[in-house]
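Note sheet for the following structure.
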Amino acid sequence: MTSRLSSRRLILSQSAAVIGAASTGLLLPQIVRAQSSKVRVGFMLPYTGTFAQLGVAIENGFRMAINEQGGKLGGREIEYFKVDDESEPSKGIENASKLVQRDKVDVLVGTVHSGVQMGIQKVARDSGVLSLIPNAGVHAATRGLCAPNVFRTSFSNSQPTRALGQAMMAKGHKKAVWITWKYAAGDEAFEGFKESYTAAGGTIVKELGLPFPNVEFQALLTEIAALKPDAVACFFAGGGAAKFIRDYAAAGLKGKIPLYGSGFLTEGVLDAAGPAADGIVTTMHYSDSLDTPRNKKFRLDYAKAFRMQPDVYAVQGYDTGLLLIQGANAVKGDMASKPALYKALESAVIDSPRGKWTMSKSHNPVQDIYLRVVENKENKVLGIAAKALADSGAGCKMA
Ligand code: PHB
């Protein structure tokens, strides 16, 4: 640390002598940083807890995109920093500050959990550090608290479920129970479900919830059995989702009351859930079986590199890498050249394994949402449930 700091100081003074009076003091540190140092990339992701495998998949995907470009960003080497955020909202600000203040990252990549993201959002807004959100869908990040330096490469929490209601009504399921973890991601996923299901003529007979990351589902499943709805819709993810799927079957509900969900329910959990997952229908901005050369190559390369199958989280991490590459190339690695960098990120077209997508004005993907069903440990695409779906971005005013 000490030697890095002192050598940086030395470079600063040498450059000052060379550039001399022609440069303004304001520009100098940016130029020196761009030319002399590595791009500092910080991962703030869950590496423990119910979302641990989501964090790993995001990092894998990100590194894969960068490695496909020779491991560089805009011609510069990269130095990586990592913090395990434990999906713990109360440590969100402190953990993000570690990367920004202590590690002086040029870009913060994180995170998964919506509550933790609110901490990152505060630090990003206060410090101005470039913040790329590879999962967490919390509405505020690209609505009321949107910022010029914050870009999301994943979804907003209500985006996937805004395509779910019509699909359930098309199957004749007129009365549904909703169940979720009670925190921003579950509540905002409900918003999308409620809007789409009631607009299509459905009735939500009961909303059920339990605190994140609780997995004691038994009493709630007993309640669902007693309510006898036509269908159940839900938001769960990660390790908790695998347990919910198994418990749903073990409670005797599988085959009796069809289970639907925001697609995270069946992402990265199909080995752990086993046959209990077969037949679950979900809506999501990705599907394993998308029959495009882009997706097939991605899946093959990912499986070779990491000896596991990719999921939506891996795709989101990969797309975060693709986005950053486009930005870094546009400014030739000078990450301090912010207006040009943000302009490139805003106008990027991402050629993703999920299909091409663009950034909305509030910095959230405009993307197709697929209808999928689980068959033999794969999310099989049934069709497009919503074409080029954008989040409303309500209340977003870029500073
Ligand atoms: C979130 O907290 O925003 C979240 C977490 C896991 C998911 C999706 C959203 O799979």
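Atom set for the values below is all heavy atoms of this structure, side chains included, hydrogens, waters and symmetry mates excluded.
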Carboxylate-amine/guanidinium proximity below 4.0 Å for [X] and [Y]:
{"X": "Asp288", "Y": "Lys380", "answer": "no"}
{"X": "Lys104", "Y": "Glu79", "answer": "no"}
{"X": "Asp368", "Y": "Arg354", "answer": "no"}
{"X": "Glu59", "Y": "Lys82", "answer": "yes"}

*Could you give me the CA-CA distance, side-chain angles and deciding distance for Phe212 and Asn214, then say whether side-chain contact (heavy atoms from CB on, under 4.5 Å) is met?*
CA-CA 5 Å; Phe212 174 87; Asn214 194 323; over 6 Å; no

Which word best sums up how the rings of [X] and [Y] line up, parallel for under 30°, tilted for 30 to 60°, or perpendicular for over 60°?
{"X": "Tyr197", "Y": "Phe193", "answer": "parallel"}
{"X": "Phe235", "Y": "Phe264", "answer": "perpendicular"}
{"X": "Phe51", "Y": "His113", "answer": "tilted"}
{"X": "Phe217", "Y": "Phe244", "answer": "perpendicular"}
{"X": "Tyr318", "Y": "Phe298", "answer": "tilted"}

*asked:* When you compare the side chains of Tyr342 and Asn149, does any donor N or O come within less than 3.5 Å of an acceptor on the partner?
replied: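 No, no side-chain donor-acceptor pair sits under 3.5 Å.
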
*Do Ser154 and Asn135 get their side chains close enough for a donor-acceptor pair, meaning under 3.5 Å?*
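Absent: no donor and acceptor within the cut-off.
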
Non-hydrogen side-chain atoms of [X] and [Y] separated by less than 4.5 Å:
{"X": "Thr111", "Y": "Ile120", "answer": "yes"}
{"X": "Leu45", "Y": "Tyr47", "answer": "yes"}
{"X": "Leu265", "Y": "Ile280", "answer": "yes"}
{"X": "Asn95", "Y": "Lys98", "answer": "yes"}
{"X": "Leu108", "Y": "Leu132", "answer": "no"}
{"X": "Thr153", "Y": "Ile133", "answer": "no"}
{"X": "Val381", "Y": "Leu371", "answer": "no"}
{"X": "Asp391", "Y": "Ser158", "answer": "yes"}

*Yes or no on salt bridge (charged side-chain N to carboxylate O under 4.0 Å, His left out) for Asp103 and Arg40, after CA distance, side-chain angles and deciding distance?*
CA-CA 8 Å; Asp103 300 331; Arg40 302 165 79 82; 5.8 Å; no

Are more than 12 heavy atoms from other residues, nucleotides or ligands located less than 6.0 Å from atom [atom1] of [X]?
{"X": "Lys206", "atom1": "NZ", "value": "no"}
{"X": "Lys194", "atom1": "NZ", "value": "no"}
{"X": "Lys91", "atom1": "NZ", "value": "no"}

*List the steps and the verdict of salt bridge (charged side-chain N to carboxylate O under 4.0 Å, His left out) for Arg372 and Glu378.*
CA-CA 9 Å; Arg372 312 115 38 100; Glu378 203 188 36; over 6 Å; no

*Identify the residue among Val105, Val100, Leu99 that makes a side chain to side chain contact (heavy atoms under 4.5 Å, CB included) with Ser127.*
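Result for side chain to side chain contact (heavy atoms under 4.5 Å, CB included) with Ser127: Val100.
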
_With Leu130, the side chain to side chain contact (heavy atoms under 4.5 Å, CB included) member among Leu345, Val150, Asp106, Val109_ =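 Of the listed residues Leu345, Val150, Asp106, Val109, the side chain to side chain contact (heavy atoms under 4.5 Å, CB included) partner of Leu130 is Leu345.
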
*Start with the C-alpha gap between Ser114 and Asn157, add the side-chain angles, then the distance that decides, and say whether side-chain hydrogen bond (donor to acceptor under 3.5 Å, both in side chains) holds.*
CA-CA 9 Å; Ser114 276; Asn157 281 327; 3.1 Å; yes

_Transitive ILVMFWY side-chain link Val349 to Leu323, under 4.5 Å_ =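 Cluster IDs for Val349 and Leu323 differ.
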
*May I ask whether Trp181 and Val177 are part of the same hydrophobic cluster, defined by side-chain heavy atoms of I, L, V, M, F, W, Y residues being less than 4.5 angstrom apart, directly or through others?*
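Yes; tracing contacts between hydrophobic side chains, which count when under 4.5 Å, links both residues.
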
*Mind running side-chain hydrogen bond (donor to acceptor under 3.5 Å, both in side chains) on Arg76 and Ser37 for me, showing each step along the way?*
CA-CA 8 Å; Arg76 291 168 66 194; Ser37 60; 3.3 Å; yes

*Walk me through it: do Leu259 and Lys254 pass the test side-chain contact (heavy atoms from CB on, under 4.5 Å)?*
CA-CA 7 Å; Leu259 180 57; Lys254 180 176 160 57; over 6 Å; no

*Residue from Arg152, Lys361, His363, Gln121 passing side-chain hydrogen bond (donor to acceptor under 3.5 Å, both in side chains) with Thr142*: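 Single pass found, and it is Arg152.
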
*Which one of Asp311, Asn295, Asn379 satisfies the side-chain hydrogen bond (donor to acceptor under 3.5 Å, both in side chains) criterion with Tyr286?*
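So the option named by the test is Asn295.
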
*Begin with the C-alpha distance, continue with both residues' side-chain angles, and end with the deciding distance and a verdict on salt bridge (charged side-chain N to carboxylate O under 4.0 Å, His left out) for Asp291 and Lys296.*
CA-CA 7 Å; Asp291 191 12; Lys296 285 187 169 158; 2.6 Å; yes

*Between Gln326 and Ile350, is a side-chain contact (heavy atoms from CB on, under 4.5 Å) present by the stated rule, with each step listed?*
CA-CA 9 Å; Gln326 288 199 24; Ile350 302 299; 3.9 Å; yes

*Let me see the working for Phe62 and Leu324 under side-chain contact (heavy atoms from CB on, under 4.5 Å), right down to the final yes or no.*
CA-CA 10 Å; Phe62 183 93; Leu324 189 58; 3.8 Å; yes

*Side chain Gln159, main chain Ser156, donor-acceptor under 3.5 Å*: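 Judged by distance alone, yes, a pair lies under 3.5 Å.
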
*Pair Ser352-Asp319, side-chain hydrogen bond (donor to acceptor under 3.5 Å, both in side chains): steps then yes or no*: CA-CA 6 Å; Ser352 165; Asp319 289 3; 2.7 Å; yes

